[in-house]
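Comments concern the structure below.
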Amino acid sequence: MAEKLETRLSTIAEQAASYDPDSLALAEKCKVVTDGVYVGMFFSSHYDDMAAAFQSALS
């Protein structure tokens, strides 16, 4: 699942590269987050907060 999400994030970055520099920068910042069997992808300007909340919920 993580691999599929990483592929999706790469696709978003490729699409954004041609028409939306803000989305490209965001796609390059965002990562797929994993913790054991849990996987998340947050494509948001609030990525840091969302990834932290994801990790906190699993702790």
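Predicted, not measured: the structure shown is a model, and the values here were computed from it.
Applying the ring-ring contact (aromatic ring centres under 6.0 Å, His included) test to every pair with at least one member in residues 38-59, sequence neighbours left out, gives these pairs: Phe42-Phe54. Counting only residues at least two apart or on different chains, no salt bridge (Lys or Arg N to Asp or Glu O under 4.0 Å) pair has a member in residues 3-13. Note on residues 18-27: pairs passing side-chain hydrogen bond (donor to acceptor under 3.5 Å, both in side chains), not counting sequence neighbours, are Asp20-Ser23.
For Gln55, the side-chain contact (heavy atoms from CB on, under 4.5 Å) partners are Val33, Asp35, not counting sequence neighbours. Listed by chain and number, the residues in a side chain to side chain donor-acceptor pair (under 3.5 Å) with Lys29 are Asp48 (sequence neighbours excluded). With sequence neighbours excluded, no residue forms a side-chain contact (heavy atoms from CB on, under 4.5 Å) with Ala53.
Rounded to the nearest 0.5 Å, atoms OG (Ser10) and CD (Gln15) are 11.0 Å apart. Distance check: Cys30 SG to Ile12 CD1 gives 8.5 Å after rounding to the nearest 0.5 Å.
In this structure, Leu5 and Gly40 approach most closely via the heavy-atom pair CD1-C, 4.3 Å. Shortest non-hydrogen contact noted between Leu9 and Val32 is CD2-N, 4.5 Å. Nearest heavy atom pair, residue Ala2 against residue Thr34, reads CB-CG2, 3.9 Å.
Other residues sharing the hydrophobic cluster of Leu24, ordered by chain and number and joined by side-chain separations under 4.5 Å: none, the residue standing alone.
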